[in-house]
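The structure under discussion appears below in the form of structure tokens.
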Amino acid sequence: MFFVRTASERDLEKVRALLVETWHATYDTFYGVEKVNELTERWHSLPALKARVARKNAEFLVADDGRQIGGMGFAAMSDTQAKTAVLHQLYVLPKFQRQGIGRDIFAELETCFPDAERMRVEVEPQNLHALAFYRAHGFAEAGETANCGDEQSGLPAIILEKQLLG
């Protein structure tokens, strides 16, 4: 049984391993192993994860069963869009997917931003499982970007948005 809790620095090695495994399982077929290695090194390095743990107006969660971390989520208030929380990461190890871990992490993240009126997430257009997950949880298409995650990624994404009930 996994319990959702706030992440700490002592979790980051396991979170990084989870992200590397999940990213290769999900994105190798879309981007290739080399590009996934490049992105995981940049976005999922220990310094990058430490910065997320320390970030103000943000929430970094893990799903922990006492032995391992099966999922993680990170969201933060937008620096550029008023009253908008951005879901930057929501990943579950492949062997634990479709067991409610992502749902539980998302349900907690949804409640962490009382001043937010909406939540946004960027999703790879070919990631049909993620698109179905977010649509099932109330998100609708709000646009697209040519640079998912950061200005240099070169990765297209669909922007989904959900109204929050404050």
Side-chain angles (χ1 to χ4, degrees), residues 1-7 11 14-33 35-36 39-40 43-44 48-49 52-53 55 58-65 68-78 81 83-114 116-150 153-166:
M1 180 94 169
F2 285 90
F3 297 93
V4 176
R5 63 171 175 80
T6 299
D11 297 315
K14 290 180 180 177
V15 169
R16 177 171 161 62
L18 176 150
L19 287 166
V20 169
E21 180 180 336
T22 304
W23 264 67
H24 279 292
T26 305
Y27 297 112
D28 280 1
T29 57
F30 304 149
Y31 306 136
V33 174
K35 182 69 170 179
V36 171
L39 291 170
T40 56
W43 291 347
H44 309 139
L49 294 173
R52 289 185 197 122
V53 167
R55 184 169 170 179
E59 191 66 42
F60 193 140
L61 302 175
V62 292
D64 185 348
D65 72 355
Q68 61 192 334
I69 291 176
M72 63 80 62
F74 174 73
M77 287 301 291
S78 173
Q81 297 172 307
K83 299 190 179 289
T84 302
V86 179
L87 179 56
H88 293 280
Q89 296 174 298
L90 180 59
Y91 293 101
V92 175
L93 279 171
K95 66 184 174 185
F96 297 124
Q97 290 176 2
R98 301 195 183 283
Q99 295 179 28
I101 294 170
R103 177 201 63 220
D104 292 348
I105 294 170
F106 176 71
E108 183 67 25
L109 285 171
E110 243 183 335
T111 68
C112 291
F113 304 95
E117 293 178 357
R118 71 195 67 77
M119 184 173 275
R120 290 187 136 205
V121 63
E122 296 176 352
V123 180
E124 154 62 52
Q126 299 175 83
N127 191 345
L128 302 181
H129 293 299
L131 287 169
F133 174 88
Y134 290 117
R135 288 182 176 130
H137 288 85
F139 283 82
E141 196 165 327
E144 50 189 48
T145 180
N147 290 295
C148 183
D150 70 32
S153 76
L155 306 176
I158 296 171
I159 300 168
L160 300 174
E161 192 170 279
K162 176 181 182 168
Q163 297 303 308
L164 298 177
L165 302 175

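Because the structure is predicted, anything quoted here is derived from the model rather than measured. Computation of the quantities below employed the complete heavy-atom set of this structure, encompassing side-chain atoms and omitting hydrogens, waters and symmetry-equivalent molecules.
In plain terms, the two heavy atoms of F74 and A58 that are nearest each other are CE1-CB, 3.7 Å. Taking each heavy atom of P156 and P125 in turn, the nearest pair found is O-CD, 3.4 Å. Pairing each heavy atom of G102 with each of V92, the nearest pair is N-CG2, 3.6 Å. Between Q68 and F96, the shortest heavy-atom distance links the atoms NE2-CZ, 3.2 Å. Shown here for L18 and G71, the closest heavy-atom pair between the two residues is CD1-N, 3.5 Å. Residues R118 and T84 share a closest heavy-atom pair of NH1-OG1, 2.7 Å.
Residue D28 holds its CG atom at 10.0 Å from CZ of F30, rounded to the nearest 0.5 Å. Note that the CZ atom of R120 and the CD1 atom of I159 stand 5.0 Å from one another [nearest 0.5 Å]. Atoms CZ and CG, from F113 and L164 in turn, are 9.5 Å apart once rounded to the nearest 0.5 Å. Atom CD of residue Q126 and atom CD1 of residue I158 lie 10.0 Å apart, to the nearest 0.5 angstrom.
In this structure, the side chain of T22 does not engage the main chain of L19 through any donor-acceptor pair within 3.5 Å. No side-chain donor-acceptor contact under 3.5 Å links E59 to the backbone of L109. Checked by atom type and distance alone, the side chain of R16 pairs as donor or acceptor with a backbone atom of H44 at under 3.5 Å.
For T29, the side chain to side chain contact (heavy atoms under 4.5 Å, CB included) criterion is met by no residue, not counting sequence neighbours. Every ring pair (Phe, Tyr, Trp, His ring centres under 6.0 Å) that Y134 has, sequence neighbours left out, goes to F139. Taking the ring pair (Phe, Tyr, Trp, His ring centres under 6.0 Å) definition, one finds that Y31 meets it with Y27, sequence neighbours left out.
Residues K162 and E110 meet the side-chain proximity criterion, which asks for heavy atoms closer than 4.5 Å. For the pair R98/H129, a side-chain contact is recorded, criterion being any heavy-atom separation below 4.5 Å from C-beta on. Side-chain contact between T6 and L61 is present, with heavy atoms from C-beta onward closer than 4.5 Å. When side chains are defined from C-beta on, T26 does not count as touching Y91, because their heavy atoms never get closer than 4.5 Å. Q97 has its side chain out of reach of F133: every pair of non-hydrogen atoms, C-beta onward, lies at least 4.5 Å apart. A heavy-atom distance below 4.5 Å is found between the side chains of L131 and L160. H88 is listed as a side-chain neighbour of R55, based on a closest heavy-atom distance under 4.5 Å. Contact check for F3 versus D64: no side-chain heavy atoms found under the 4.5 Å cut-off.
Atom CD of E144 has 12 or fewer heavy atoms from other residues, nucleotides or ligands within 6.0 Å.
A salt bridge between R5 and E108 is absent, with no side-chain N of the basic residue lying under 4.0 Å from a carboxylate O of the acidic one.
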